[in-house]
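The block underneath contains the structure these notes are about, expressed in structure tokens.
A note on names: the letters A, B, ... follow the listed sequences, proteins ahead of strands, and every chain is numbered from 1.
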Protein chains: 2
Amino acid sequence: MATIYEVAELAGVSPATVSRVFNGTRVSPEREEAVREAAEKLNFTPNRTARTLRRRNSEVIALVIPDIENPYFTELARGVEDVAQAAGYSVVLCNTDERPDKEQRYLAVAVSENMAGVILAPASDQTDLDAFVASGRPVVAVDRASAYDIDAVVVSNRDAGRAAASALLEAGYRRIACITGPDGIETALERAAGWREVVGERMPEGYLRYSTFRVEGGREAMTELLALPEPPDAVVATNNLMAVGALQLLAERGLTPPEVGVGVVGGLPFTTISPAAVSVVRLPARHIGVTAARMLMERIGGDREPARTVVLRSELIPAAAPAPAAAAPAATE
Amino acid sequence: MATIYEVAELAGVSPATVSRVFNGTRVSPEREEAVREAAEKLNFTPNRTARTLRRRNSEVIALVIPDIENPYFTELARGVEDVAQAAGYSVVLCNTDERPDKEQRYLAVAVSENMAGVILAPASDQTDLDAFVASGRPVVAVDRASAYDIDAVVVSNRDAGRAAASALLEAGYRRIACITGPDGIETALERAAGWREVVGERMPEGYLRYSTFRVEGGREAMTELLALPEPPDAVVATNNLMAVGALQLLAERGLTPPEVGVGVVGGLPFTTISPAAVSVVRLPARHIGVTAARMLMERIGGDREPARTVVLRSELIPAAAPAPAAAAPAATE
DNA sequence: TTGAAAGCGCTAACAA
DNA sequence: TTGTTAGCGCTTTCAA
């Protein structure tokens with residue numbers, strides 16, 4: 001790896017001039033030409049580590065997410081990446097596995113590596129950002145809001161839950177259950193609250209189930225729901241993976257939609273059933289990423305305005321197929 | 001951000017001693033204690049940028065993949081991550097979108113950031129590694145072998161294609177088509193070659209279709225296959241996303257497996273159909289990642305042995321359900 | 001416009 | 001075992 005000194009020597013200029021050429025500062029055309037030629041010949045690439053050390057600021061941002069295998073987050077990541085790339089930043093993707101300790105570690109690394117900023121999908125509501133905020137580096141929360149006074153990009157989770165439940169109700173289902181994420185996670189609670197607003201208090205005991213935001217969680221909850229004395233004729237799953245789990249289990253029992261109604265908050269990744277049979281409340285994952293990245297870029301650019309929270313809209317894609325006539329009669333009323 | 005000098009001053013020792021404490025070199029217990037106390041008090045974290053500049057080596061490795069939204073690669077990433085974490089390395093995930101220019105850029109960044117090494121799933125067979133290899137940093141290829149003399153972790157693509165086709169043949173299907181990736185991509189060609197070995201040359205014209213390794217590609221190819229004068233009664237999809245596309249289209253036409261036989265190379269991500277209906281040749285994505293990361297760690301540790309290529313086995317999970325009796329009669333023989 | 005020179009924070013000889 | 005010191009490669013005053 002050639003250095004700025006070798007280029008300078010070959011070009012017959014000072015190291016400072018070489019630096020200027022590579023940083024867009026004005027340099028006389030002849031010298032610039034000479035520098036570029038020398039750099040080319042030596043296959044010179046500026047050493048980013050040195051630059052970062054000197055400038056105390058790198059052209060890298062971190063995207064810290066709880067589950068890299070969840071398509072919702074990879075889609076969000078694509079949005080972040082596109083904006084960051086265009087602005088000349090690299091994105092490093094950090095997977096916390098929903099573990100606060102890993103999250104802490106990555107935040108510490110971000111500071112320690114002088115990263116320009118962080119976009120964080122908090123693993124829990126108690127994420128400790130004290131040290132990071134104290135470092136003065138910008139951070140934007142996505143997906144879940146934060147207790148800290150920082151920028152955030154979220155969706156209206158309650159609206160999304162409400163929309164999913166409403167779609168099922170309008171399709172003619174009457175006993176609508178809900179499978180949501182862990183008790184204590186804001187997104188899980190809010191989406192379930194939206195469902196509750198629609199179905200009211202009259203649903204049978206046990207129609208609301210807390211589980212993990214994973215495929216297995218959806219399967220387990222669905223199994224329990226089907227084992228109920230009065231099983232539901234429809235179900236709202238409050239995230240994509242739980243919906244997949246629920247649909248898998250229904251398929252194994254021969255109960256594919258619309259036989260049992262299914263509503264999802266968040267999109268069905270790589271679904272192989274006819275998508276028309278499920279009501280999907282699409283979360284704008286990519287858009288969240290784009291918006292968060294733009295906000296972060298503004299902060300990196302020196303924006304010192306008070307923290308903002310942007311609430312994005314989700315979009316209902318109702319099932320094409322209505323509830324079968326059989327659905328209502330099957331009810332034991 | 002406190003520096004090593006401030007810690008040294010507070011602890012009443014030299015900066016070198018502070019450095020030693022944080023690098024595990026022997027230091028007298030009293031001084032070590034004093035340093036740790038001072039560091040704690042000042043909330044000191046070593047500046048990795050400075051360390052990297054000085055050591056010319058960071059504790060970060062890059063994982064460069066063509067499609068971060070493909071669960072195959074995220075699963076692989078998890079494997080890499082687990083090994084790297086355990087060894088004290090951070091993993092930065094770089095998405096190339098199958099674009100050679102983005103790939104080049106990330107490789108340049110890896111050098112420029114003094115990263116410890118790279119695990120690369122080449123975007124194409126012509127990936128230019130000259131500059132990277134010249135930098136002397138270790139690189140391990142995954143998924144696709146490389147023309148360069150570098151470590152690689154691959155699967156036997158031909159075996160995988162053969163296994164998928166065989167499973168369908170044994171299940172009783174007779175007109176077995178194949179949807180594979182772009183002509184020119186080694187994995188696509190090899191898996192198709194495996195299929196060809198099983199079905200022989202007697203398949204009708206147009207039973208082998210080249211497409212993109214994406215959902216849309218699978219849909220399009222499946223559409224074309226169904227429009228054939230003599231449509232197939234089964235199909236091998238040579239990657240996960242194309243299989244999803246093919247299954248989606250089949251579902252929309254009311255042709256769910258086992259009515260039409262489906263074999264996949266690579267696993268069905270988040271499938272919502274009964275998995276028993278599809279023959280899956282599972283690719284050991286996570287294991288590939290783990291193996292590649294271990295090899296990279298060895299190289300980083302100073303291993304100078306000649307380049308090795310590890311070939312991992314794929315595993316057939318045959319469909320539980322056999323071909324329906326209707327399948328054979330439907331053939332126009 | 002250009003160059004000299006002083007660091008950014010850390011590590012690793014080397015000497016004590 | 002400890003401290004002194006010279007850089008790692010770059011950017012950025014400051015002076016010319």
Q: Determine: side-chain N/O of A/Arg31 to OP1/OP2 of C/dT2, distance under 4.0 Å, yes or no.
A: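 For A/Arg31, the contact criterion (side-chain N or O under 4.0 Å from OP1 or OP2 of C/dT2) is met.
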
Q) OP1, OP2 of C/dC10 versus side-chain N and O of B/Ser19: anything below 4.0 Å? A)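 False: B/Ser19 side-chain N/O out of range (4.0 Å or more) of C/dC10 OP1/OP2.
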
Q) How far apart are the closest heavy atoms of B/Val27 and B/Glu32, and which atoms are they? A) CG1-N, 3.7 Å

Could you check which of [options] has an atom nearest any side-chain atom of [X]?
| X | options | result |
| --- | --- | --- |
| B/Phe44 | C/dC10, C/dT1, D/dT11 | C/dC10 |
| B/Arg54 | D/dG9, D/dT2, C/dA12 | C/dA12 |
| A/Arg51 | D/dG3, D/dC10, C/dC10 | D/dC10 |
| A/Asn23 | D/dT11, C/dA4, C/dT11 | D/dT11 |
| A/Ser14 | C/dA12, D/dC10, C/dA4 | C/dA4 |
| A/Ser28 | C/dT1, C/dA12, C/dG9 | C/dT1 |
| B/Ile4 | D/dG9, C/dC10, C/dA4 | C/dC10 |
| B/Thr17 | D/dG3, D/dT1, C/dA4 | D/dG3 |

Provide, to the nearest angstrom, the distance between the [atom1] atom belonging to [X] and the [atom2] atom belonging to [N].
| X | N | atom1 | atom2 | result |
| --- | --- | --- | --- | --- |
| A/Glu6 | D/dC10 | CD | C1' | 14 Å |
| A/Asn57 | D/dT11 | CG | P | 13 Å |
| A/Arg20 | D/dT11 | CZ | C1' | 9 Å |
| A/Glu113 | C/dG9 | CD | P | 15 Å |
| B/Glu9 | D/dT2 | CD | P | 19 Å |
| A/Tyr5 | D/dC8 | OH | P | 8 Å |
| A/Glu59 | D/dC10 | CD | P | 13 Å |
| B/Asn47 | C/dG7 | CG | P | 18 Å |

Q. Which comes earlier along DNA chain D counting from the 5' end, the contact point of B/Arg26 or that of B/Leu53, where each point is its nearest nucleotide?
A. B/Arg26

Q | Pair B/Tyr72, B/Asp67: side-chain N/O donor-acceptor within cut-off below 3.5 Å | A |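 No, B/Asp67 and B/Tyr72 have no side-chain donor paired with an acceptor closer than 3.5 Å.
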
**Q.** Residue pair A/Glu113 / A/Ser58, side-chain donor-acceptor N/O under 3.5 Å
**A.**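 Short answer, no.
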
What does [X] touch in the nucleic acid at a heavy-atom separation under 4.0 angstrom: a base, only the sugar-phosphate, or nothing?
| X | value |
| --- | --- |
| B/Thr3 | sugar-phosphate |
| A/Phe22 | nothing |
| B/Val13 | sugar-phosphate |

Q: Salt-bridge test for A/Glu186 and A/Arg144: reply yes if a basic N is under 4.0 Å from a carboxylate O, no otherwise.
A: no

Q: Report, as yes or no, whether the 6.0 Å neighbourhood of atom CD on A/Glu69 holds more than 12 heavy atoms from other residues, nucleotides or ligands.
A: yes

Q) Should we count CD of B/Glu298 as having more than 12 external heavy atoms under 6.0 Å? A) yes

